[in-house]
Colleague: 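Quick one: this structure, given as C-alpha cells, is what I'll be asking you about.
Owing to the predicted nature of the structure, the values given are computational and were not obtained by experimental measurement.
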Amino acid sequence: MSNESNARQEAITDAVLAGGLKEQQAKGPNLRQLHSKSHGLVSGKFTIEKDLPDHCKVGVFATHQEYDIWVRFSNGSSPKELGVFKPDTEGDVRGMAIKIKNIEGEKVPSDEVDTQDFTLVNHHVFFLPDVAGYIDFGKFRKARESGEPLDPELAKKLEPTLAMLGEMNSKVVANPLCIQYWSTTPYKLGSNFIKFSVKPHNIETPPTSRPDSPNYLREAMLAQLTTEKKEAAFDFLVQFFVDEDKTPIENPMQEWKQEDSPFIKLATITIPAQEFDNVDRKKLDESLSFTPWHTLPEHEPVGSVNLSRRKIYQEMAKARRESHPA
C-alpha cells in the first residue's frame, strides 16, 4: 500500500473501531459485539492429512499430526440490547471459529502466543467489497435503527451488500454441525494465497422452516453430541489463488469458483460426543477470543478487510476482558 492508502485504511479502521466500542459499551461491555450468541463451545481434534503436496506443507500443515482444538458455533449478529440476543428463529449468519492449541513457532504479535485461529461463516463470500464498506454499512444501520430515511445515493451503493445479507439471512439451518462454512476472505499459505472452507461429513438437507425454539441450534447440537452421543466430523479444505480476475484478493464479495480453483483437503476436524452445556464451559466460552490474527506468519490474513480486523478485533476483545476480568 502507498502512504496515502495506509493513512486511509488506518482512518477507516479507527472509525469502525470507535463505533464498535461505543456499541459494545451500550449493549454489554463484557459481550462480544459480533457472534455474541453461542450455540456451544466444544472440544475436538484437528488431524493433518498424510502425504500432502509440498506446497501445502506449511505452518500447522507441515507434518502429519493431531492437535487439540476448541470450536465455537454462533450467530453472527450483535446483541439486540443489553443481554438480549437475536433468537435462532430469525435469519442470521451462522459462524464457526476454530482455535488450535499448543502451536509451536514464532507468531504474528497478538494477545496469544501458542494458538492458531480459523474463523468462518456459512456463506461463501463476504458481504462488503472492502474496508470502506464498513463505514457505509454503519450509516445504513444507524438510519434503520433511528427510523430515518437512507440517503438514496448510499442506498444505491449498498444494494449488492443488502442483497448479499438477504441471501445469508434467508438460509434455514437445522444443526450447526451439519452445514458448510467458508473463510470468505483470503489468507497466506506460505508464499501462496488461499481461501479455506470446512465441510461436514454429514451435510444436512436444508429444512423448509425453522423450529419454534429461540435456542434450537444449541438444542440440535446437544441432541447430537450429548443425548445421542454422536460425533461430528468435517474436512478442512483450501482453494489456491489463480489470478486477480478469477480469485481476487481485494474483493471478498467475488466467489472463488471451484472450477477455477478446486478444493484440496488438508485436515480432518473431529468433534467427539461430549457434554458442553454447563456453567464451566459457558464461562470458558465467554473468556475466549477468536480472531484471524491469532496466527503463524505462514497463515497471515491478507486484504484490506482482514487488515482492519487486526486492530478492531484486538481492541474490542481487550475492552471486553477489561470490563469483566477473570
Colleague: More than 12 heavy atoms of other residues, nucleotides or ligands under 6.0 Å from NZ of Lys199: yes or no?
Modeller: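 Not buried by this count: 12 neighbours or fewer within 6.0 Å.
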Colleague: Looking at the rings of His35 and Phe290, which for Trp means the six-membered one, are their centres under 6.0 Å apart?
Modeller: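 No - the distance between ring centres of His35 and Phe290 does not fall below the 6.0 Å cut-off.
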Colleague: Let me confirm one number: the CD1-CD distance from Ile100 to Glu66, rounded to the nearest 0.5 Å.
Modeller: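 It comes to 11.5 Å.
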Colleague: Surrounding CD of Gln65 (heavy atoms of other residues, nucleotides or ligands, distance under 6.0 Å), is the total greater than 12?
Modeller: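 Yes - once you tally the heavy atoms of other residues, nucleotides and ligands closer than 6.0 Å, there are more than 12.
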Colleague: Do you know which two heavy atoms are closest between Ser43 and Trp70, and how far apart they sit?
Modeller: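 Minimum heavy-atom separation between Ser43 and Trp70: CB-CZ3, 3.7 Å.
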Colleague: Go through the steps to decide whether Val71 and Met96 satisfy the test side-chain contact (heavy atoms from CB on, under 4.5 Å), and finish with yes or no.
Modeller: CA-CA 7 Å; Val71 186; Met96 178 185 193; 3.8 Å; yes
Colleague: Ring centres of Phe137 and Tyr134 under 6.0 Å apart?
Modeller: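 When the ring centroids of Phe137 and Tyr134 are compared, they turn out to be at least 6.0 Å apart.
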Colleague: Could you tell me whether His123 and Tyr181 have their ring centroids closer than 6.0 angstrom?
Modeller: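 When the ring centroids of His123 and Tyr181 are compared, they turn out to be at least 6.0 Å apart.
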Colleague: Check whether any side-chain heavy atom of Lys157 lies under 4.5 Å from a side-chain heavy atom of Asp136, and answer yes or no.
Modeller: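 The answer is yes; the side chains approach within 4.5 Å.
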Colleague: Let me see the working for Phe236 and Thr268 under side-chain contact (heavy atoms from CB on, under 4.5 Å), right down to the final yes or no.
Modeller: CA-CA 6 Å; Phe236 186 94; Thr268 300; over 6 Å; no
Colleague: Does the His294 side chain pair with the main chain of Thr115, one donor and one acceptor, at a distance under 3.5 Å?
Modeller: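 It does not hold such a pair.
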Colleague: Is there a donor-acceptor pair closer than 3.5 Å between any side-chain N or O of Gln274 and the backbone N or O of Pro272?
Modeller: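 At least one qualifying donor-acceptor pair exists.
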Colleague: Would you find a donor on one side and an acceptor on the other, under 3.5 Å apart, between the side chain of Glu204 and the backbone of Asn175?
Modeller: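 Yes; at least one donor-acceptor contact below 3.5 Å.
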Colleague: What is the distance from atom CG of Asn306 to atom CD1 of Ile249, rounded to the nearest 0.5 Å?
Modeller: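 Asn306 atom CG to Ile249 atom CD1 measures 10.0 Å (nearest 0.5 Å).
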Colleague: With the side chain counted from C-beta on, respond yes when Val238 and Tyr187 share a heavy-atom pair under 4.5 Å apart, and no when they do not.
Modeller: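 Of all side-chain heavy-atom pairs linking Tyr187 with Val238, none is under 4.5 Å.
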Colleague: Examine distances only and state if a side-chain atom of His299 and a backbone atom of Val60 form a donor-acceptor pair shorter than 3.5 Å.
Modeller: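 Here the side-chain-to-backbone pair exists.
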Colleague: Got a sec: does the CD of Glu106 have more than 12 other heavy atoms crowding it under 6.0 Å?
Modeller: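 No, CD of Glu106 has 12 or fewer neighbouring heavy atoms, counting only those of other groups under 6.0 Å.
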Colleague: Could you tell me if the side chain of Thr185 sits less than 4.5 Å from the side chain of Lys195, heavy atoms only?
Modeller: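 A side-chain contact under 4.5 Å is absent here.
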Colleague: Taking CD in Glu104 as the centre, count heavy atoms belonging to other residues, nucleotides or ligands within less than 6.0 Å. Is the count above 12?
Modeller: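 Counting other residues, nucleotides and ligands, CD of Glu104 stays at 12 neighbours or fewer.
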Colleague: Can you name the closest pair of heavy atoms from Asp277 and Arg218 and give their distance?
Modeller: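 Looking at all heavy atoms of both residues, the shortest contact is OD1-NH1, 2.8 Å.
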Colleague: So, Gln224 side chain and Glu231 main chain: donor-acceptor pair closer than 3.5 Å or not?
Modeller: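 Answer holds: yes.
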Colleague: Give, for atom CG of Leu217 and atom CG of Asn75, the distance between the pair rounded to the nearest 0.5 Å.
Modeller: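 Reported to 0.5 Å precision, the distance equals 6.0 Å.
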Colleague: Give me the one residue out of Glu112, Glu300, Gln116, Lys107 that meets side chain to side chain donor-acceptor pair (under 3.5 Å) with Thr295.
Modeller: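 Of the listed options, the one satisfying the test is Gln116.
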Colleague: Could you tell me the separation between the CD1 atom of Ile48 and the SG atom of Cys56, rounded to the nearest 0.5 Å?
Modeller: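 Rounded to the nearest 0.5 Å, the CD1-SG separation comes out at 11.0 Å.
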Colleague: Checking the side chain of Asn202 only, and the main-chain atoms of Cys178 only, is there a donor and an acceptor separated by less than 3.5 Å?
Modeller: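 Absent.
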Colleague: Okay, side chain of Arg94, backbone of Pro176: is any donor-acceptor separation there less than 3.5 Å?
Modeller: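 No.
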Colleague: I'd like to check Asn122 versus Lys171 (side-chain heavy atoms, cut-off strictly below 4.5 Å). Are they in contact?
Modeller: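 Side-chain contact under 4.5 Å: yes.
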Colleague: Distance from Ser77 atom OG to Lys86 atom NZ, nearest 0.5 Å?
Modeller: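 Between Ser77 OG and Lys86 NZ, I get 5.0 Å after rounding to 0.5 Å.
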Colleague: Would you please test Glu153 and Lys156 for salt bridge (charged side-chain N to carboxylate O under 4.0 Å, His left out) and show each step?
Modeller: CA-CA 5 Å; Glu153 186 175 330; Lys156 182 69 174 177; over 6 Å; no
Colleague: Kindly give the heavy-atom pair with the smallest separation between Pro292 and Thr119, and that separation in Å.
Modeller: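 Smallest interatomic distance, heavy atoms only, reads CG-OG1, 3.6 Å.
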Colleague: Would you call Leu189 and Ile194 a side-chain contact if the rule is heavy atoms closer than 4.5 Å?
Modeller: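 Yes; the side chains approach each other to less than 4.5 Å.
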Colleague: Would you say Ser170's side chain and Glu167's backbone share a donor-acceptor pair under 3.5 angstrom?
Modeller: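 Here the side-chain-to-backbone pair exists.
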Colleague: For Val242, is there any backbone N or O sitting under 3.5 Å from a side-chain donor or acceptor partner on Thr247?
Modeller: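 Pair found, side chain donor or acceptor close to backbone of Val242.
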Colleague: Consider only side-chain heavy atoms of I, L, V, M, F, W and Y, link residues closer than 4.5 Å, and tell whether Val125 and Val93 are in one cluster.
Modeller: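 They do share one cluster, since a chain of ILVMFWY contacts under 4.5 Å joins Val125 to Val93.
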Colleague: Walk me through it: do Val302 and Phe193 pass the test side-chain contact (heavy atoms from CB on, under 4.5 Å)?
Modeller: CA-CA 8 Å; Val302 295; Phe193 298 128; 3.9 Å; yes
Colleague: If hydrophobic clusters are built from ILVMFWY residues whose side chains come within less than 4.5 Å, do Val198 and Ile179 share one?
Modeller: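 Yes: a chain of side-chain contacts under 4.5 Å links Val198 to Ile179.
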Colleague: Just so I know, are the side chains of Met221 and Thr226 near enough to count as touching, which here means a heavy-atom distance under 4.5 Å?
Modeller: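 When only atoms from C-beta onward are counted, Thr226 and Met221 do not touch, as no gap falls below 4.5 Å.
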Colleague: Could you tell me whether Asn278 atom CG has more than 12 heavy atoms of other residues or ligands within 6.0 Å of it?
Modeller: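 Yes.
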Colleague: Within this structure, what is the CD-NZ distance for the pair Glu298 and Lys188, rounded to the nearest 0.5 Å?
Modeller: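 Rounded to the nearest 0.5 Å, the CD-NZ separation comes out at 9.5 Å.
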Colleague: Which heavy atom of Asn251 sits nearest a heavy atom of Pro248, and at what distance?
Modeller: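 Shortest heavy-atom contact: O-CG, 4.0 Å.
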Colleague: Would you say the ring centroid of Phe276 lies under 6.0 angstrom from that of Phe73?
Modeller: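 They do not qualify: ring centres at least 6.0 Å apart.
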Colleague: Evaluate Lys282 against Ser38 for side-chain contact (heavy atoms from CB on, under 4.5 Å), listing each step before the verdict.
Modeller: CA-CA 9 Å; Lys282 289 178 180 177; Ser38 173; over 6 Å; no
Colleague: Quick one: do Lys230 and Glu228 satisfy salt bridge (charged side-chain N to carboxylate O under 4.0 Å, His left out)? Show the steps, please.
Modeller: CA-CA 6 Å; Lys230 294 180 180 178; Glu228 300 170 9; 3.7 Å; yes
Colleague: Do side-chain atoms of Asp117 reach the backbone of Trp293 as a donor and acceptor pair under 3.5 angstrom?
Modeller: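 Not at all, since once roles are kept as given, no pair shorter than 3.5 Å links the two residues.
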Colleague: Other hydrophobic cluster members with Val172, side-chain heavy atoms of Ile/Leu/Val/Met/Phe/Trp/Tyr under 4.5 Å, chained?
Modeller: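 Besides Val172, the cluster holds no residue at all.
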Colleague: For Glu219, which residues count as a side-chain hydrogen bond (donor to acceptor under 3.5 Å, both in side chains) partner, sequence neighbours excluded?
Modeller: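 Scan of Glu219 (side-chain hydrogen bond (donor to acceptor under 3.5 Å, both in side chains), adjacent residues dropped) gives Ser213.
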Colleague: Within the structure provided, determine whether Gln239 and Pro262 are in side-chain contact (heavy-atom separation under 4.5 Å).
Modeller: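 They are not in side-chain contact.
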Colleague: Does NZ belonging to Lys101 count more than 12 external heavy atoms closer than 6.0 Å?
Modeller: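 Yes, the 6.0 Å shell around NZ holds more than 12 heavy atoms from other groups.
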Colleague: Please give me the minimum heavy-atom distance between Ala232 and Leu225, naming the atom from each residue.
Modeller: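 For Ala232 and Leu225, the tightest heavy-atom pair comes out as N-CD2, 4.2 Å.
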Colleague: With a 4.5 Å heavy-atom cut-off, do Pro129 and Gln254 have their side chains touching?
Modeller: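 They are not in contact (no side-chain heavy atoms under 4.5 Å apart), so the answer is no.
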Colleague: Show, in sequence, the C-alpha distance, side-chain angles and deciding distance for Phe263 and Phe196, and conclude whether the ring-ring contact (aromatic ring centres under 6.0 Å, His included) test is met.
Modeller: CA-CA 8 Å; Phe263 280 116; Phe196 53 86; over 10 Å; no
Colleague: What is the ring orientation for Phe46 with Tyr67, classed by angle as parallel under 30°, tilted 30 to 60°, or perpendicular over 60°?
Modeller: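 If you compare the ring of Phe46 with that of Tyr67, the planes turn out tilted.
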Colleague: Look at atom NZ of Lys283 and say whether more than 12 heavy atoms of other residues, nucleotides or ligands are closer to it than 6.0 Å.
Modeller: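 Count not over threshold, so no.
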Colleague: So which heavy atom on Ser261 is nearest to which on Phe240, and how close?
Modeller: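 For Ser261 and Phe240, the tightest heavy-atom pair comes out as OG-O, 2.7 Å.
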Colleague: I need the full list of salt bridge (Lys or Arg N to Asp or Glu O under 4.0 Å) pairs touching residues 233-242, with sequence neighbours left out, sorted by first then second residue.
Modeller: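 Sorted pair list: Asp235-Lys265.
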